[in-house]
Amino acid sequence: MIVGLFTRFERAIDDGIGRRKLGYAVLGLVIVFFLWFPNDTSQSNYAKTVFISGFFYAIMSSSWALLAGIAGQFSFGHMAFMGIGAYVAGLIARDGLMFASLGIAITPDSISSVGAIVIGTVAAGLVGLVIGWLLLRLRAAYLALFTIAFSELFRIAMLTEYDYTGGSNGLSLRPLLQVADVDTARQIEYYLMFGLLIACLLVMYRVVHSPIGIFLRAMREDEDAASALGVNVVRYKILVFVFTSMIVGLAGAIFYSDVGSERIIPEQLEVLQMSLIIAYAVIGGMESLIGAAAGAFISRYLLEAMREVVITLPFGLTMADGSDAFVWETGAWRFALFGLVMVFTLRYMRNGLLYPIINWFSGRDLIMKETVAKRKPDGDDLALAEDRDE
Amino acid sequence: MAGSDASQLTRTHGSEDMVIEDSLSVWWLLLAGPLWAAIGLYALPRSQGKIKRDERIDVSRLQIAGLIGGFALGPLGIGLFFLLPDLIRRATLILGILIAVFISSQVLVRVSDPNVPSVIWLVLAGPLWAALGSYFIPRHYHDVDADDINALTAAALGGFTIGPLIFGLMWKHTPKISRDWMIALGSLGAWQIYTLFAIQNPSNPCVQTPFQVTYLAQQTANGVVIGCIYSLMAVGLTLIYSVQGIVSFAHGQLYMVGGYFSFYFLIHAGNILSELTGTEITVNPIWGIPVAGFIVFLMGAAFERSFLKPMHDGLIERASEYAILITFGFGFVIEYTTLAIAGPFPQRANRFIEIRRFTFPRTQITEDFSFGPLNIIGDRAFAMVVGIVLIFALLYFLQRTWTGRGLRATSQDKQAAAVTGINPTNMNTLAFALGSMLAAMSGAALIPIFAWVPWVGAEMVGRSYVIVVLGGLGSVPGALFGGIIVGIVEALGAGCHPDPSRGAAYKEAFALLIFALVLLLKPTGLFGREPN
Amino acid sequence: MKGKSTLASLVVLLALVALLPFSVIHADGHCEFADEAIKIGGLVPLSAPGSVAGGVAMSWAFNRAVDDINADCGVQIGDQNHRLQIVIGDSEGSPERGQAVVERFILEDEVHAVSGVYHSAVGLATMGILDANGIPTVFSEPWNDNVSANGIMEYDGRPPRNADGVDHIFRISPASSMVGGVVVDWLLAEGVDNVVIIAENTDYGQPAAADEKARFEAAGATVTQINVELGTEDFVPILSRIQASATVPDVVRILVTGETSYNLTQQMAELGIAPTVDTICVTNQFAFQSEQYWENVPDGNYCTFNRVGIIPSLFSDIAVGLNEDYFEEFEDIIPSFAMASYDALHILADGMERAGTISDGAAIAAAIETTDLELSQGRYYFNYGNHNDSMPADDGMPNYLWHQWPDPVVTMMQYFEQGQSSLDAAVIFPEVYQTHGTGYMAPGEMP
C-alpha cells in the first residue's frame with residue numbers, strides 16, 4: 001500500500017497540475033504552522049516578537065518585489081513611505097489637525113488609533129502620488145536617484161524637527177491595542193501582523209494576476225511596445241507606485257503603534273535599512289511575492305545566525321594563548337557576506353534563491369518543457385534573450 | 001518657540017469656539033468629500049452607455065470628473081456631470097483649481113502669523129503662480145505650434161518671480177524665450193529669495209550692511225572650493241553613464257575605499273621608507289591619489305568584466321534594473337568589508353601643505369566700505385587644484401587621445417563606433433574603471449581634509465547624484481558646472497537661511513531642492529541629452 | 001580523490017581549531033564554581049546605525065570585568081561561587097531592536113541582570129520591559145535625563161517605574177544636565193557672555209544644548225544655538241557665518257559626537273575661529289581619546305573638553321590597569337563608558353552577593369540601592385531610592401537623581417601641547433582637581 005501511495009505521488013508530481021496542488025498543500029501547511037505557532041506553549045514571547053517583525057519585513061520586501069520586480073520601478077524610498085505612514089499617524093494622534101476657520105478640527109481626543117492609521121496610510125499614498133507623478137515619466141534611474149535622496153531628506157527632517165517629531169528619541173504612536181496582559185497582547189499582535197501580511201499578499205496577488213498585472217509586466221519588458229499597444233504607461237506606473245506606498249504606509253503605521261515596536265526613530269529610515277529590504281527581496285526572488293516574503297524571513301534568520309557565531313564563542317574565557325576569544329569583527333563581516341550573497345544571487349540566480357523551489361511547485365518547468373517539445377520542429381522560438389539595452 | 005507660536009495662533013483665530021466636540025460630525029466632514037469622490041469615480045464612468053451624444057468621452061476623463069466633482073460638490077457634482085457631459089472638460093478644470101485655492105487658503109490661514117502675513121503671501125504666491133504658469137503656458141505654446149522646449153522652465157521661473165505678468169509677456173512674445181530671459185528671471189528669483197531672507201531675519205549676515213559683500217564673497221568662495229572637489233566625483237559618475245548608460249550606485253563606496261587605500265598606502269610607505277633610511281619620513285598624501293586611483297581602477301575593471309559585461313553581451317534580461325541592483329550590491333559589499341577590516345574609528349591622513357589657511361587681508365576701499373578678510377583653508381585649496389587638474393586631464397584624454405575619442409564615440413553610437421574599429425566591450429570596461437578611479441581619487445584627495453569612516457560615502461554620493469542630474473546625465477562639462485553650482489547653493493543656503501540652525505541641518509536639503517526642481521522643470525539638466 | 005582527502009583533512013583541522021577554546025574552559029580555575037552561572041545581558045550597539053565604536057569598547061569592558069570577577073572566584077552567594085557570564089546583545093542603536101534583544105535576554109537567555117546601553121533612545125524604550133520583568137539593571141552610558149527621572153515621573157502616559165514600590169533601573173553614567181552644569185559653571189566663572197552652541201540633532205545633542213542654553217541665559221549670557229546633522233562633513237559655510245557675526249563669540253561649545261565632532265573642531269581651528277585669544281574652544285568627551293583626536297584634529301591644540309569620570313592623574317590601580325589593557329587592544333585612551341561598563345558589572349555582582357540571591361530582582365535592586373563600592377571611576381553610591389524616605393523633589397533636587405549615581409566626576413580638561421596624551425592634559429576645572437595648578441590657558445600660554 002505504501003508503495004502504491006508512493007507511485008501515485010510520483011505520478012502526481014510528474015504532472016504540472018499535481019505539483020501545483022502539492023505546492024498549495026505545502027503553502028497551506030506553512031500557514032497552518034504560523035497560525036498554530038503562538039499556541040505552542042514551549043515558545044516564549046521572544047519568538048513571537050521575532051516573528052512579528054519578520055511579518056513586517058515580509059510585507060516590506062514583498063511589496064518592494066511588486067514594485068521593482070514585477071512593475072520594474074526601482075524605488076529606494078520604500079522605508080521613507082513606511083516612515084511617512086508611521087509619523088503621520090503618530091503626529092495626528094498626538095497633535096490633531098486644525099483647520100480653524102473652516103471649522104474642521106480633529107482634536108487628538110476625537111481620533112481613534114485606527115483613524116490615525118488610516119490617515120497615515122492616505123498620507124503615504126498622497127506623497128507617493130506626487131513623487132510618482134514627478135518621476136515615473138522619466139527613466140528608471142531617475143526614480144532610484146531621487147528616492148535615495150528623498151528618503152535621506154525625510155530622515156534628516158524627522159531628526160531636525162526635534163520639537164515635533166521627538167528627533168532621535170523617536171515618536172511614540174498611540175497604541176493600537178489596549179490589552180494589559182502581556183501574553184495575550186503578544187498573541188493578538190502576532191495574529192494582527194500575520195493577518196496583515198496575508199491580507200497584503202492576497203491583495204497584491206490579485207493585482208499581479210489582474211489585467212493591471214499583465215500590463216505591468218508588459219511595460220517592464222518593453223515600455224514602448226506596451227505604450228504603442230495602447231497601455232497608458234505612466235498612469236499604471238503611478239497607480240502601482242501609490243498602491244505599494246499605501247501598503248507600506250499602513251504596515252508602518254500599524255507596526256509602530258506598539259504592535260511590533262513602541263516608537264519609530266529616524267535611524268530606521270537610513271539607507272542600510274532600505275538596502276536590507278532590497279537584499280531580502282533579491283535573495284527571495286524579486287518576481288515572486290511569496291518568494292520575497294519568505295526571503296525576508298530566511299535572510300533575517302541567516303543574519304541573526306551569522307551574528308550568533310560571534311556571540312556564542314566562549315565569553316569570559318581565555319584562549320590557550322591567553323588572548324580574548326571574543327573577536328568582534330566577525331559580527332561586522334556578516335553584512336559583507338550578506339552583500340556577496342546578494343550580488344551572486346543577482347548574477348547567477350536572477351529569480352532568487354527560492355526560485356527553483358517555487359518553480360518546481362508551480363509545475364511551470366514541466367509545462368515549459370512540453371511547450372518546447374511541441375515547438376521544436378519550428379526552430380528555437382525561445383531564443384536567448386535579446387539585448388534589451390536602451 | 002515654534003510650538004508656542006502655533007498655540008497662540010489657534011487662539012487668535014478663535015479655534016476654541018469652533019472646535020466641534022462631537023467626533024461623529026468631524027468624521028462626517030472629513031469623510032463626505034472622499035466618499036462622494038469614490039462614488040463619483042465608480043458611477044460616472046459606468047454611466048457612459050446612458051450618455052446620449054455622438055462622441056464618447058474618454059473613461060479616464062470621466063473618472064477624474066467623477067472624483068473631483070464628487071469631492072467638491074458631492075452628489076450635485078456627479079449629477080451635473082451625468083446630465084451635462086459637455087461641461088466636463090471645463091468644469092473639472094475650474095473645480096480642480098477652486099479646490100486647490102481653497103485648500104491652499106486654508107493652509108495659509110493656518111500657518112500665517114497675523115503680524116507678518118505679507119511674508120507668507122510672498123512665499124506662497126510664487127509657487128502658486130509658478131504652478132499656474134507652468135500649466136497653461138506650455139499648452140498655449142503647443143496650441144500655436146511654437147517651439148516649447150524652454151516654455152515650461154521659463155513659465156515656472158517667471159510665475160515665481162513676476163507673478164501673473166508672465167502670462168502677458170509670454171503670450172505676447174510666444175516663441176522668443178532665449179537664454180537671456182531665463183538668466184534675467186533666474187537672477188530676479190534669486191534676488192527675491194534674498195529679500196525674503198532679509199525680511200525674515202534682518203540680522204542675517206547675508207543682508208547685514210556693511211559686511212554682506214565680504215560675507216557673500218566668502219560663502220561663494222567656500223562653495224566654489226568644495227564644489228570643484230564635488231565635481232571630480234560627479235565626473236566619474238557621468239562618464240560611466242555616458243558610455244554604459246547606467247548609474248553606478250557603488251560610486252560612494254568607491255570614493256570611500258579610495259580614501260582608505262590612500263591612507264593605508266601612506267602609512268605603510270612611510271614605515272618602509274623610515275626603516276630604509278633610518279629617519280622618520282611621512283609621505284605626502286598627494287602620492288596616495290594615484291595609488292588609490294590605480295587600485296580602484298583595477299577593482300572597477302574586474303567588477304565590470306565579471307558582472308556588467310554579461311549584461312552588455314545580452315545574457316541578462318532587463319539590463320537597466322540589473323545594473324542598478326548589481327552596482328548597489330557591489331557598494332554594499334565594499335562598505336561592510338571595509339567596516340570589518342578598517343573598523344569604525346575615524347581616521348585622517350596628514351595634511352597636503354603646511355599652510356593652515358590662506359587669508360586675503362582686509363582692504364579699505366572707500367571711507368565706509370571695506371572688503372575682506374577672506375579665508376580659505378589651505379588643504380582645501382590644494383584639493384581644489386588637484387580636482388581641477390584631474391578634470392582637465394580627463395577632458396584632454398577624452399578630446400585629444402585616440403582612446404578618449406573612442407570612448408566618446410562609443411557613448412554617442414555603439415554600432416557606428418564598432419564599425420570604425422573601436423571595441424565597445426573594452427570601452428565599456430575602460431569607462432567603468434575610469435569612472436571608479438575618479439571616485440577613488442576624489443576620496444584620496446579628501447582624506448587629509450575630512451575624518452574618514454566607512455560610511456563616509458553616503459553623504460557625498462547623494463550630492464553627486466544631484467550634480468549629474470543638474471548638469472545633465474552623461475555630460476562631463478555639466479558635472480563640472482553642476483558641482484560648482486551645488487557647492488555654492490549649499491554654502492549660500494547654509495550661510496543665508498534666516499534660521500542658522502535649520503540652515504545648517506538642512507544643508508543637504510538645498511541640493512535636494514535643486515534636484516526636485518530640475519526633475520520638474522528640465523529633466524535633461526543644463527547640458528544633457530533628451531531623456532526618454 | 002586527492003581533492004576529497006584534502007577537503008576532509010581541512011574540515012578536521014577546522015573542527016580542531018574550533019574546539020581549541022573549549023578545551024581550556026575548566027583548566028584555569030583555582031575556584032570551585034556552582035553549576036548555575038550568573039548570566040548578565042550586555043546591551044550594546046554593534047552594528048550600524050548604532051555607534052559601533054561605542055559598542056565595541058563597551059563589550060570589551062564587559063568581557064574584561066567578567067574575566068576579573070571570575071578570576072576572583074565569581075560571585076559568592078551563601079557558600080557557593082557562581083561563575084559570571086556575559087551575553088552580548090546588539091541593539092543596533094534602534095529601540096525596536098533593543099526591545100527585542102531585551103526580550104531575548106529575559107525569555108531565551110534567562111539573564112539575571114542587564115547592563116550596557118549606549119543610545120538613550122534604546123534605554124528609554126527598554127526600561128519598561130526590564131523593570132516589569134524585575135531585572136536589576138545598571139545602565140552605563142545613556143545620558144538622557146529621563147532614563148533615571150522616569151523612575152518617579154510619569155512618562156509617555158505611563159506610570160512611573162517605581163509605582164509598585166520597586167524600581168530595578170540604575171544609572172551610573174551622568175545625566176546630561178549634570179555635565180552641562182559643570183561646563184556652564186566653569187564658563188560663567190571665566191566671564192563669558194556671548195556663547196555659540198553647536199549641537200547635533202540627536203537625543204544627546206538637543207537636550208544637552210537646551211539645558212546649557214537655559215543655564216547660560218539664566219546667568220544673563222546671550223546664546224546662539226546652531227543645530228547640525230550628524231554625518232555632515234563640511235562645516236565651513238556654517239562656521240563662516242559665525243565668523244561673520246558682528247561680535248566675536250567668547251566661547252564655541254561643540255555638542256557633537258564621533259567623527260562629526262572631529263571634523264567640526266578641526267575646521268573651526270583651521271578657519272581661526274577657536275581656540276583663539278578671544279574665543280574659547282569647548283569640545284566634548286570625544287576629545288579624551290587623544291590618539292584619535294590628534295589624528296583627526298591636528299590643529300586642535302588648546303581646545304578644552306569636558307571629561308566624565310575620574311581624572312587620569314587620580315586613576316586608581318584598577319583604572320590604570322584597565323587603561324593599559326585598553327590601549328593595547330585599541331591603541332587609545334580608555335573612554336569613560338568603557339570604564340562605566342566595567343564598573344556596572346561589579347556593582348551588579350556586588351548587589352547579588354549582598355542580597356544573597358541571583359534571581360530575586362527586587363532584593364538585588366534593594367541591595368544595589370545601598371551600594372558603596374570603590375571602582376575604576378570612583379566611589380559608587382545612590383542617594384535617592386526606596387532606601388531613602390525623601391524624594392529628590394523634597395530636597396529641592398532634580399528628578400533625574402533618582403537611582404542615579406550622583407558623583408560622576410565631570411571635569412574640564414585642556415590640551416596645551418600638540419599631540420599630547422590626554423593622560424598628561426591639564427585638568428582646569430573644578431579647582432580642587434586642577435593638575436597643573438592653572439585654570440584656562442589662552443593659546444600660547446603654558447602652565
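Worth knowing before you read on, the calculation uses all heavy atoms, side chains too, and leaves out hydrogens, waters and symmetry mates. In what follows, every chain begins at residue 1, and chains take the letters A, B, ... in the order their sequences are listed.
- The greatest number of non-hydrogen atom pairs below 4.5 Å with chain B, out of C:V297, C:L271, C:T224, C:N201, is found for C:L271.
- In this structure the side chain of C:Q266 reaches within 4.5 angstrom of the side chain of B:R348, judged on heavy atoms.
- For the atom pair C:I273 CD1 and B:N375 CG, the distance stands at 8.5 Å (nearest 0.5 Å).
- Of all non-hydrogen atoms in B:Q218 and C:S240, the two that sit nearest each other are CG-OG, 3.7 Å.
- Counting heavy-atom pairs under 4.5 Å between each of B:A349, B:A458, B:A491, B:A451 and chain C puts B:A451 at the top.
- Of all heavy-atom pairs spanning B:K507 and C:I238, the tightest one is CD-CD1, 4.4 Å.
- At least one side-chain heavy atom of B:R351 sits less than 4.5 Å from a side-chain heavy atom of C:D299.
- Heavy atoms closer than 4.5 Å to chain C are found nowhere in B:L446, neither backbone nor side chain.
- Interface residues of residues 226-236 of chain C toward chain B, defined by a heavy-atom distance below 4.5 Å and sorted by number: C:I226, C:N227, C:V228, C:E229, C:G231, C:T232, C:E233, C:D234, C:V236.
- A heavy-atom distance below 4.5 Å is not found between the side chains of C:P237 and B:E490.
- Heavy atoms of C:E200 lying under 4.5 Å from chain B are absent altogether.
- Within 6.0 Å of atom CD in C:E331, 12 or fewer heavy atoms from other residues, nucleotides or ligands are found, so the atom counts as exposed in its surroundings.
- Nearest heavy-atom pair, C:A53 versus B:F345, reported as atom, atom and distance to 0.1 Å: CB-CE2, 3.6 Å.
- The two residues C:A269 and B:R356 come nearest to each other via the heavy atoms O-NH1, 3.7 Å.
- Here B:I449 contributes atom CD1 and C:E270 contributes atom CD; the two are 8.0 Å apart, rounded to the nearest 0.5 Å.
- When heavy atoms are compared at a cutoff of 4.5 Å, C:Q292 approaches chain B solely by way of its side chain, counted from C-beta outward.
- Side chain of C:R241 to backbone of B:A494: a donor-acceptor contact under 3.5 angstrom is found.
- Both the backbone and the side chain of B:V456 come within contact range of chain C, each with at least one heavy atom under 4.5 Å from a heavy atom of that chain.
- Using a 4.5 Å heavy-atom cut-off against chain B, the contacting residues of residues 247-265 of chain C are C:E259, C:Y262, C:N263.
- Contact of C:N296 with chain B is made through backbone and side chain together, with heavy-atom distances under 4.5 Å.
- With a threshold of 4.5 angstrom between heavy atoms, B:F450 approaches chain C through its backbone and through its side chain.
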